Asks: 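Have a look at the structure that comes next, please.
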Amino acid sequence: MPAIDPIVHELARIVGADSVLYQREDLAAYECDGYTVHKHPPRAVVFPSCTDEVAAVVKYLHDQNIPFIPRGAGTGLSGGAVPLGGEVIISLVKMKRLLHVDYENRLAVVEPGFVNLKLTNSVAGKGYYYAPDPSSQYACTIGGNVGENAGGAHCLKYGVTTNHVLGLEVVLANGEIAEIGGVPDAPGYDLMGLLTGSEGTLGIVTRITVRILKNPEGKKTVLAYFDSVEEASQAVSDIVAAGIMPAALEMMDKTAIEGVEAGTYPVGHPKGVEAVLLIEVDGIAAGIDDQIAKIVSVCQGRKVSEVKVAATEEERARWWANRKTAFPAMGSISPDYLVQDGVIPRSRLPEVLEKIRQISERSGLRIANVFHAGDGNLHPLILFDARIPGETELAVRVGSEVLKVCADAGGSITGEHGVGIEKKEEMRYVFTDDELEAQLQIRDVFNPRNLLNPDKMFPKPGRCAEMRAAPVEIR
Amino acid sequence: MSAPVSHAKGNYRWEDPPDEEKYSACVHCGLCLESCPTYLETGHEQQSPRGRVHLIKSVAEGKLSISAGFENPVFTCLDCRACETACPSGVQVGSLIEAARGQIRKAIPLTGWKAFLHSFFLRGVFPHPSRLHVLGKLMKVYQKSGLQSFLRKTGLLNLLPRHLREMERVLPAVSDPVMKTHPEVIPAEGSARGRVALLAGCVMDVMFGEINAATIRVLTRNGYDVVVPRGQRCCGALHIHAGDREQGKALARQNIDAFLAADVESVVVNAAGCGCALKEYPELLHNDPEYHDKAVRFAEKVEDISQFLVARGYQKPRGRVEARVAYHDACHLAHGQGVRSEPRQLLREIPGVEWIEMELADRCCGSAGIYNLTNPEMAGKILDEKMKAVPDQIDLLAMGNPGCMLQLMMGARKHGRTAAIVHTVQLLDWSYEREARQAAGQSEAEKGE
């Protein structure tokens with residue numbers, strides 16, 4: 001038996017012995033999150049059950065100069081919760097209460113470990129819902145959503161997490177507790193905006209106030225099949241150009257369709273179609289049928305091979321389950337996948353897709369494309385087999401190439417999954433050295449010793465000065 | 001340590017290691033987490049389906065060894081398969097867990113009283129119907145001789161661990177097993193439309209012989225000759241769950257022979273756990289050249305009683321059962337066999353039934369085979385969670401698995417609920433019976449006129 005790490009006793013003193021994991025096997029389960037390319041076990045995992053415990057744990061680690069990482073459900077896709085340097089993981093899953101719902105002011109207060117979908121389920125009875133709906137919403141936590149500024153299929157119309165956060169309680173790097181926001185349009189800098197999407201590098205959120213919305217009066221969903229990706233992309237542009245603002249406008253290509261049909265929620269997409277669009281409109285009941293008619297006619301103008309409207313709520317739910325489980329469903333047709341998260345101007349969709357197709361052909365790796373087409377957020381899924389030597393590295397290179405294409409088309413390297421480990425280097429596609437340095441200076445204000453989720457988000461070496469001195473080429 | 005080298009896979013060194021195809025299908029997305037009762041209870045990743053699959057894979061890759069730290073999460077799994085329903089890429093977690101348990105039991109054999117209990121019950125009693133029946137008789141004597149009430153009064157039972165005490169309190173009045181009370185072939189009422197076999201089961205027949213009798217009545221009433229093959233044995237699910245694959249396979253072979261010889265169109269099962277195990281015989285015997293094909297032929301015939309009746313059509317019951325009824329999905333029916341709508345249909349069509357759909361109906365009750373004996377603390381917590389979802393205002397809580405029935409009887413008692421715990425088939429049987437009584441009463445009345 002190897003000697004127990006002395007920090008375990010100290011952490012157990014704060015949270016109780018049941019709430020610290022340190023055995024080798026237990027730690028192995030924490031060596032990665034939803035991004036599995038890089039793995040490393042943490043030094044320990046600690047489960048605080050309240051803000052004060054988080055603060056005490058952070059203060060202890062800060063005083064000992066031990067780096068640490070907050071973690072929710074570990075469904076992140078960019079490796080934000082992977083303890084690459086053997087950091088201590090602070091798991092927030094035991095803080096999973098819904099603290100308060102205020103229907104009059106349309107807000108809810110949750111602990112960070114509260115699962116996204118549970119919020120909607122908890123307020124649905126009164127006709128409300130929580131809008132950000134990442135595909136992992138069955139399991140992901142709202143704390144994690146804040147860390148990654150998570151989006152979802154419906155962010156086209158409703159915005160991403162940052163548009164729904166009203167207030168935060170945060171434990172800072174030294175263990176101090178701070179309250180941010182809470183009142184609409186607070187004067188001063190938008191610190192809430194800064195913290196949302198900071199990937200656990202600026203603080204640990206321990207209480208979150210979010211907006212809840214009244215369910216739309218009406219909602220209808222359309223499925224449209226196309227024989228060419230080009231036509232489907234044009235249909236997307238046409239729908240937006242026609243002045244319609246769908247709640248969601250999703251696209252999957254042929255390989256993605258193969259995956260979802262082999263998965264747990266097949267809907268019987270016809271064989272041989274090149275692309276499917278899933279379009280949802282919602283709002284005041286009176287206008288919805290008109291919008292649907294317009295969408296159908298736009299699709300017909302783009303040689304749609306079949307277009308249908310969901311007849312029942314069950315059918316609609318099934319179409320969404322099929323789409324929302326698209327990433328993991330790839331497990332049915334490939335042992336591993338890497339999901340990318342590029343953003344492009346919508347109008348460049350056909351051309352970017354063609355370039356992705358060429359990358360796939362050149363590399364020999366299949367790429368399934370799933371996108372939030374309406375807002376130009378692409379999720380190319382690079383299919384590979386980690387058991388074949390060299391294929392993981394190839395997949396990572398292919399992912400990077402895809403992001404380069406997106407950045408060159410005037411887009412960005414991430415829409416909603418965060419930078420994490422995965423896209424650190426690709427930050428250079430969209431930021432200059434000076435811009436990166438400016439961001440690191442902001443990090444220093446909150447996290448001067450770089451103990452909070454170190455080695456994430458920024459390329460290495462992070463500093464211009466260090467970079468200039470570095471003898472090796474970066475790329 | 002005598003296994004042929006060809007079975008070796010990383011640190012798995014015995015026959016039937018966890019299947020690489022199955023753990024490779026896991027892409028680590030985490031969508032299973034919220035479906036897992038033990039994860040919800042602990043919040044620990046290694047006690048989640050994703051975490052367990054990751055550890056199982058790590059052992060295969062030689063990164064971890066088969067140790068106590070590996071044994072704990074693998075044996076804390078309920079094998080409830082709720083994660084399989086949630087998994088978008090169809091990872092067969094149950095099969096991986098069962099295979100890993102087989103390896104663990106080889107690497108770390110049980111010792112002390114656990115080893116004794118295991119070999120006494122799982123190897124000594126369950127595989128042998130005659131011994132099982134003796135056990136049943138002893139229980140009956142215990143209940144009827146006054147010994148039970150004597151022991152309860154004296155407080156001697158307080159010497160038992162708490163979970164055994166709780167279980168003792170809810171033991172149903174043991175009825176006679178159909179393997180003893182019924183002939184091997186029970187003819188259909190009227191002209192036969194088919195011939196089916198019934199798996200009597202071990203716990204079911206000894207503890208709930210009355211449910212088997214009800215199942216036979218329902219089947220014969222619907223025009224089936226029912227065979228109760230005498231050569232049948234315990235299905236082996238408990239053994240496979242416990243990591244004793246050899247005994248599980250031996251039982252599987254005996255059952256395959258017994259039921260194929262019965263020459264029936266269907267093997268009807270009224271215990272979800274057993275039905276699931278029977279349907280998985282082909283996988284259990286995948287590298288048995290003599291039995292694999294037979295296992296496939298056999299498994300194709302296996303049907304849950306509710307599935308069987310709904311698929312073939314059945315006489316709609318007309319006798320009224322005035323009761324507020326909720327239904328609990330046994331894990332091995334809902335998640336294991338995908339049978340959800342059929343039992344609900346059977347129950348809802350009974351006249352007089354006021355249906356109450358229970359929330360989280362398919363969440364495990366903590367029974368999980370003998371999990372409530374091997375992991376009483378966790379099973380108790382999971383039962384408490386389950387009871388929160390059971391509505392107060394119901395008269396009957398129906399389900400299709402004897403293990404769940406015992407567990408929920410315990411839950412009802414512990415939480416002061418009055419609802420009776422029943423098997424789906426019992427309700428159907430009652431309705432038929434009332435219908436027959438009414439008809440008899442009517443014809444009496446007509447005669448009287």
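All chains are named by letter (A, B, ...) in the order of the sequence lines, taking the proteins before the strands, and each is independently numbered beginning at 1. Treat the numbers as computed from the prediction; the structure is a model and nothing was measured.
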Asks: Could you look at A/T36 and say if it's the side chain, the backbone, both or neither that has a heavy atom under 4.5 Å from chain B?
Replies: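 Just its side chain gets close to chain B.
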Asks: Which heavy atom in B/P88 sits nearest to a heavy atom in A/S332, and how many Å separate them?
Replies: O-OG, 4.1 Å
Asks: Which of the residues B/T42, B/V53, B/L64, B/T85 is involved in the greatest number of heavy-atom pairs with chain A at under 4.5 angstrom?
Replies: B/L64
Asks: Does A/R97 have more than 12 heavy atoms from other residues, nucleotides or ligands lying within 6.0 Å of its CZ?
Replies: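 For A/R97, atom CZ is not crowded (no more than 12 foreign heavy atoms under 6.0 Å).
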Asks: Counting N and O atoms only, with roles assigned by atom type, does the side chain of A/Y138 sit under 3.5 Å from a partner on the main chain of B/E34, one being a donor and the other an acceptor?
Replies: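 No; judged by distance alone, with no hydrogens or angles, the pair does not exist.
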Asks: Determine the minimum heavy-atom distance between B/L55 and A/A28, stating which atoms define it.
Replies: CD2-CB, 3.8 Å
Asks: Could you tell me which non-hydrogen atom of B/H54 sits nearest to which non-hydrogen atom of A/A29, and how far apart they are?
Replies: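 Distance-wise, the nearest heavy atoms are CD2-CA, 4.2 Å.
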Asks: Which one of B/S89, B/G90, B/A25 has the most heavy-atom pairs closer than 4.5 Å to chain A?
Replies: B/S89
Asks: Tell me, side chain or backbone of B/R50 under 4.5 Å from chain A's heavy atoms, or both, or neither?
Replies: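 It is the side chain, since no backbone atom gets that close.
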Asks: Report the option among B/G69, B/C87, B/S35, B/G30 that has the most heavy-atom pairs separated by less than 4.5 Å from atoms of chain A.
Replies: B/G69
Asks: Which atom names give the shortest non-hydrogen contact between B/L31 and A/A139, and what distance separates them?
Replies: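 Nearest heavy atoms, B/L31 then A/A139: CA-CB, 4.2 Å.
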Asks: Mind listing the closest non-hydrogen atom pair of B/Q46 and A/L21 along with its distance?
Replies: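 That would be OE1-CD1, 3.4 Å.
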Asks: Where the side chain of B/H28 meets the backbone of A/Y35, is there a donor-acceptor pair that is under 3.5 Å apart?
Replies: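 Pair absent, no side-chain N/O of B/H28 close to backbone of A/Y35.
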